[in-house]
Amino acid sequence: MIVLFIEKVMKEVLLYKLTWPEIQDYLRENDVILFPTGSTEQHGKHIAEDNDAFTALEVAKRVAEKTGVLVAPVMPFGYSPHHMHFPGTITLPFEVLVQVYKEVCKSLMKHGFNKIVIMNGHGGNSNAISETLRKLKEETGMTVYSLMVFPGGWVPEITNQTIETRGGHADEMETSVGLYLGQRILFEKGEKGVQPESYSELRRKYRGKITVASDFHETTISGSIGDPTYATYEKGKKIMEAGIEEIVKFIEDLKKIS
Ligand SMILES: [Zn+2]
């Protein structure tokens, strides 16, 4: 019993920590793989720059441990030109990112991973991922799935109840999630996102109705949009546990289809 228990606890879910015969064994019974993607970009004055990649990988690992599926290496670079005015951000051109996503998925498909789920931690990647899914469908006939690892879309009722301020980046929700997942957070450095004086009257007036290509430094001085000072570990725990539970249900359903 003890040996069985240790084996269960120590079951490796990271593809890149397995050997090829182990992967071959996995593929005899399962063809699902999670592909976490994020970004390396500023996250206000208080959250480490790897947060979107970190979150994607951490959520993927937790989902994998509950469902027995594997996790591909996390893609640490995303589409983040709008963060480039803050030190440390690394971005890729849109077309390069689509190409990388496509080639990773095609490599996995070649080995027999027929059900790929791109687990995205950065909203700025969404268009590149949509383009990837479309191109892969046309070029290979395969359906690839994608989902956001932040729980807003999975448990809106809990996110809405729990979060007191509406934000969008390095805010109350993202900071709470980071506190729960064990991210490096300098909590006392967190600042509410304040618009610089240069923010245009026209955009203020028509906010939510018009769209422009916007850089973060034009919108916020600290790099946050929203107010991270409301964040707590408990909020992060509540919304992430609920979000992960929903993602686990999706993966279990995905495993069942042929
Ligand atoms: Zn983020």
Side-chain angles (χ1 to χ4, degrees), residues 34-63 73-92 94 97 101 118-130 146-156 159 162-187 189-194 213-233 235-240 243-244 247:
L34 313 180
F35 172 25
T37 66
S39 66
T40 300
E41 69 183 33
Q42 73 85 17
H43 271 80
K45 293 183 173 178
H46 64 298
I47 307 182
E49 301 231 357
D50 76 336
N51 197 55
D52 296 345
F54 171 86
T55 306
L57 179 59
E58 286 301 313
V59 173
K61 281 197 304 203
R62 284 162 167 79
V63 170
V74 64
M75 171 63 174
F77 308 120
Y79 187 67
S80 309
H82 45 302
H83 291 285
M84 284 302 284
H85 282 80
F86 294 89
T89 300
I90 298 172
T91 188
L92 291 178
F94 186 89
L97 194 57
Y101 290 152
I118 300 179
M119 305 212 19
N120 183 24
H122 172 47
N125 294 338
S126 298
N127 289 344
I129 292 172
S130 297
S146 89
L147 59 88
M148 276 302 285
V149 297
F150 284 100
W154 290 97
V155 285
T159 317
T162 310
I163 301 300
E164 289 137 19
T165 63
R166 307 313 308 162
H169 186 72
D171 58 356
E172 181 186 2
M173 194 271 282
E174 192 166 13
T175 307
S176 297
V177 166
L179 288 169
Y180 171 61
L181 294 178
Q183 175 58 291
R184 180 169 186 263
I185 293 181
L186 312 181
F187 187 71
K189 304 269 188 195
E191 281 178 23
K192 184 180 177 188
V194 175
S214 178
D215 289 333
F216 260 64
H217 74 291
E218 297 169 333
T219 312
T220 164
I221 294 169
S222 67
S224 286
I225 293 180
D227 192 345
T229 63
Y230 287 108
T232 67
Y233 173 94
K235 287 177 196 172
K237 180 172 161 50
K238 186 176 175 189
I239 59 178
M240 276 326 280
I244 286 169
I247 298 173

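The first residue in the sequence is number 1, and the count goes up from there. Start at 1 and go down the list; that is how both ligands and their atoms are numbered. In this text the structure is predicted, and so the values were computed from the model without any measurement.
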Atom name in Asp52, limited to N/O/S, at shortest distance from the Zn ion (ligand 1): OD1
Interatomic spacing from CD1 in Ile239 to OG1 in Thr159 - rounded to 0.5 Å: 5.5 Å
Gap between atom NE2 of His122 and atom CE of Met75 - 0.5 Å precision: 11.0 Å
Side-chain heavy atoms of Val177 within contact of Glu174, under 4.5 Å: no
N, O or S of His122 under 2.8 Å from the Zn ion (ligand 1): no
Glu174 near the Zn ion (ligand 1) via N/O/S, less than 2.8 Å: yes
Flag if over 12 foreign heavy atoms under 6.0 Å of OH, Tyr180: yes
